[in-house]
Amino acid sequence: MSRTGVVLGALWLLAGLLAARQAAAVLRLPPDERLTALETWIGEDGVLHVSGSLYEGSTFTGTPFSGLALKPLARAAEQSLGVAWTLGTLLLVVALGLVVARSLPGPVSRSAELLAAPVAISVMALSLPVRNTFTLGQSSIIPVLLVLLALLPRTSDRQSGLLVGLASALQPALLLFAVVQWLTGRRRAAGFAGGTFAVCTALAWAAMPRDSWTYWVHHIGGAGLGGAADGPANQSLHGLLLRTGLEGPVELALLAVLAGGVVALGLRRAVFYAEDGQLLLSAAITGCVALAVSPTSWQHQQLWILLAAAGRVGRRRSDRLVWPVSVVLVMTLSRTVLMPDIELLGHIANNGPLLAALAAALVLPFLPRTSPYWDDPVETPTAERERSRLRCVPLLRSYRRPLTRPNLLLELMLIRVGYFVYCYIRGSAPDRRSLAEENGGQLFSLESRLHIDIEHWFNQIVADAPWLRDSMGWYYAKLHFFVPLTLLAWLYLVRPAAYRWARAPLAFATLFALIGFWLYPLAPPRLMPGLGFVDTTHGPQDLANPDFGALTKLSNQYAAIPSLHVGWSLWSGVVIAMVAPKLWIKLLGLMYPVLTTVVVVGTANHYLLDAVGGAVVVSSGFALQYALTGTARMPSADAHVTTVSRLKEILARVGAKAGLGEPAKAAEPAKAAETVTAGATAKPAETVTASATAKAAETVTAGADGRDGGRHSGDASPTGS
């Protein structure tokens with residue numbers, strides 16, 4: 001079997017497992033907790049069973065046509081309907097993933113199209129809109145699928161119009177797709193869409209005039225139905241303005257201005273990308289506009305934002321992942337995961353989906369297919385493959401070490417998510433007190449047999465010396481995160497290639513530590529009863545119900561081995577010793593893990609063997625990096641464009657265009673390329689490939705971070721953004 005076949009099989013297996021897990025998670029819920037939205041529609045006491053209005057109590061938020069279409073389901077048994085509805089939603093997700101794969105802008109290879117379907121299904125199964133749809137029993141996937149089916153190449157104007165009109169009857173804001181059809185010259189399809197919407201709405205009006213009056217006149221298209229419009233669940237411009245404190249005529253007037261601008265600019269961009277052949281991106285932009293201008297945009301309706309990940313942003317290959325990763329994170333993770341608990345950042349996280357929708361609709365300069373960077377982005381300069389004395393190393397034969405710093409925004413997002421995963425797994429590890437104390441007794445007995453049980457003796461010395469107790473408490477609480485993060489920031493700014501080399505072992509070591517926390521929960525000395533240890537950091541504790549302030553809820557106190565305090569300090573010490581220019585700094589770096597070991601033992605937070613475990617996981621991290629990439633040493637010189645050379649090149653290009661000097665000579669890009677490869681030719685292992693050098697020269701000639709002197713004729717966004 002070919003490599004593509006193996007990857008395809010693995011991706012489909014992953015997609016199937018994720019989808020099945022989501023369906024099982026819903027079906028395992030008690031009957032009164034699953035499909036709650038569906039139950040309010042068609043359950044025994046649902047609004048479709050009563051003789052009064054659909055909108056009594058505001059539990060039903062769909063259009064009158066939605067109620068009319070679901071009326072026949074009211075007589076179905078709840079349990080069987082719940083299973084059928086869940087499986088039906090699962091099939092809709094699969095169908096949507098297949099349609100998304102077919103809608104990718106061409107030319108697309110057969111293997112890429114095959115791989116795109118399981119990837120799309122997996123991402124959608126993990127996304128909050130789809131999970132919310134599964135849990136509540138909503139039908140919001142159906143309008144998205146109808147619209148995307150209307151965009152397929154073999155769909156006629158009549159069929160396209162009927163599909164868009166039917167989707168608009170379910171969600172009125174999607175009638176904007178008919179406007180896009182009209183503006184792109186498919187006026188016959190737009191006419192059918194408008195006619196279908198009118199017929200469906202009229203049919204519902206004739207069957208349920210009172211409900212139609214309530215929805216279209218009293219609530220003006222459903223505004224005010226469902227949850228509170230000013231709650232964070234409503235990710236629309238209307239909800240955002242209400243959350244800022246605006247209300248009444250002022251809020252409505254401002255909403256009208258903002259909505260009009262979003263529609264005008266967003267649909268213009270949608271038309272441009274539709275004419276460019278990027279129909280999926282055009283549909284995503286139009287859907288994002290609809291979400292922004294709708295009175296209410298609930299979570300289960302936000303799938304359009306995820307589809308906007310199909311757009312390509314950035315001329316450099318290293319920047320291509322920033323936008324899709326950002327969208328996937330926003331649409332799959334909760335607000336508390338995305339941003340730390342800071343008030344300003346909390347406001348951004350609370351409006352994350354809306355901000356992502358507005359960015360896709362109005363701001364991001366998605367590449368057109370005519371751009372020279374569409375299929376040929378600027379490559380990242382890389383070193384030659386590392387050579388090893390071992391035949392099996394490196395395991396990743398095609399890996400080439402990048403010589404430039406990674407995208408900062410992407411790094412920050414991954415660090416934030418990685419830290420959340422670390423905290424989640426560490427907090428979710430088994431923390432049964434009896435098991436942790438039993439393991440603590442085993443470890444203490446082992447140290448006694450090895451005659452290294454110095455913890456109690458040293459802890460008493462620290463507890464009896466106030467200055468030593470306080471200084472160690474400050475050291476333990478402050479330096480654990482400060483030193484590694486500061487070192488990473490310095491490496492990123494000054495030694496980008498070394499940053500890439502250093503971060504991988506740190507991540508591997510943390511992963512190994514999490515496995516240790518999970519497999520062997522351990523009570524630290526300060527939580528072992530009857531041994532006489534003093535908690536010098538938190539004070540005396542009731543061991544039956546210890547209280548460490550905020551850490552009691554945020555951190556598992558029985559995750560003691562291996563010690564990441566020692567592990568991270570050892571990593572920091574090794575890196576400092578390898579990059580520091582002076583001997584005394586190297587020695588200070590090597591002393592850091594030794595001091596940390598003294599502190600964690602003296603404060604009764606760890607056993608001596610916990611420190612040994614921290615050293616083991618860090619050593620394993622470096623060993624794993626070597627096994628995968630063959631990289632055994634830190635780069636002795638970094639290859640990156642210096643600030644001075646980039647500034648001179650940009651000024652020269654601007655001056656040449658303004659007529660203030662001669663155009664940049666052809667030799668200048670070559671010199672810039674030499675700057676890129678500076679320090680990388682000293683050793684064969686750090687020689688930059690010829691193609692990467694040429695791309696680096698092209699980056700510098702273009703202004704590296706963006707064409708400051710002007711835009712390429714084929715790379716202009718329709719909005720000038």
Side-chain angles (χ1 to χ4, degrees), residues 380-384 386-387 400-408 411-412 415 475 478-510 565-599 614-615 618-619 621-623 625-626 629-648 671-688 692-693 696 700 704:
T380 301
T382 58
E384 293 291 343
E386 301 283 352
R387 300 181 181 276
R400 300 292 186 272
R401 178 167 54 84
L403 295 174
T404 56
R405 62 178 57 88
N407 184 281
L408 179 59
E411 285 293 295
L412 292 177
I415 289 174
Y475 184 105
K478 302 298 183 183
L479 298 186
H480 178 47
F481 290 105
F482 177 77
V483 173
L485 291 179
T486 303
L487 186 56
L488 284 172
W490 183 86
L491 289 174
Y492 182 88
L493 295 174
V494 180
R495 300 285 302 275
Y499 169 82
R500 290 181 180 270
W501 172 87
R503 64 174 178 172
L506 180 63
F508 292 147
T510 304
H565 275 78
V566 175
W568 288 2
S569 65
L570 178 61
W571 172 88
S572 301
V574 171
V575 173
I576 292 173
M578 298 185 74
V579 302
K582 297 183 180 298
L583 178 60
W584 69 270
I585 303 178
K586 296 178 182 290
L587 294 177
L588 188 61
L590 293 177
M591 285 298 298
Y592 177 49
V594 177
L595 290 175
T596 302
T597 302
V598 171
V599 168
V618 171
S619 302
F622 282 106
Q625 175 176 251
Y626 172 71
T629 67
T631 306
R633 57 183 174 82
M634 178 175 288
S636 58
D638 291 305
H640 63 282
V641 181
T642 64
T643 304
V644 175
S645 64
R646 291 175 64 182
L647 181 59
K648 288 182 178 179
K671 291 182 180 179
E674 292 178 7
T675 303
V676 175
T677 59
T681 57
K683 295 182 176 62
E686 296 180 5
T687 301
V688 182
T693 305
V700 177

Phe622 backbone acceptor or donor facing Trp571 side chain under 3.5 Å:
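Pair absent, no side-chain N/O of Trp571 close to backbone of Phe622.
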
The criterion is side chain to side chain donor-acceptor pair (under 3.5 Å); which residues satisfy it with Tyr492, sequence neighbours excluded?
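None.
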
Could you tell me if the side chain of [Y] sits less than 4.5 Å from the side chain of [X], heavy atoms only?
X      : Y      : answer
Ser572 : Leu487 : yes
Ile585 : Ile576 : yes
Tyr499 : Leu493 : no
Leu488 : Leu506 : yes
Val579 : Arg495 : yes
Thr596 : Tyr475 : yes

Between Arg503 and Glu411, is the closest basic N to carboxylate O distance under 4.0 Å?
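Yes, this pair counts.
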
Output all residues satisfying side-chain contact (heavy atoms from CB on, under 4.5 Å) with Thr629, sequence neighbours left out; order by chain, then residue number.
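side-chain contact (heavy atoms from CB on, under 4.5 Å) check on Thr629 returns Tyr399, Gln625, Thr631.
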
Distance flag, aromatic centroids of Trp568 and Phe481, threshold under 6.0 Å:
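When the ring centroids of Phe481 and Trp568 are compared, they turn out to be within the sub-6.0 Å range.
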
For Arg500, what residues pass the salt bridge (Lys or Arg N to Asp or Glu O under 4.0 Å) criterion, not counting sequence neighbours?
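In terms of salt bridge (Lys or Arg N to Asp or Glu O under 4.0 Å), with neighbours along the sequence ignored, Arg500 is linked to no residue.
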
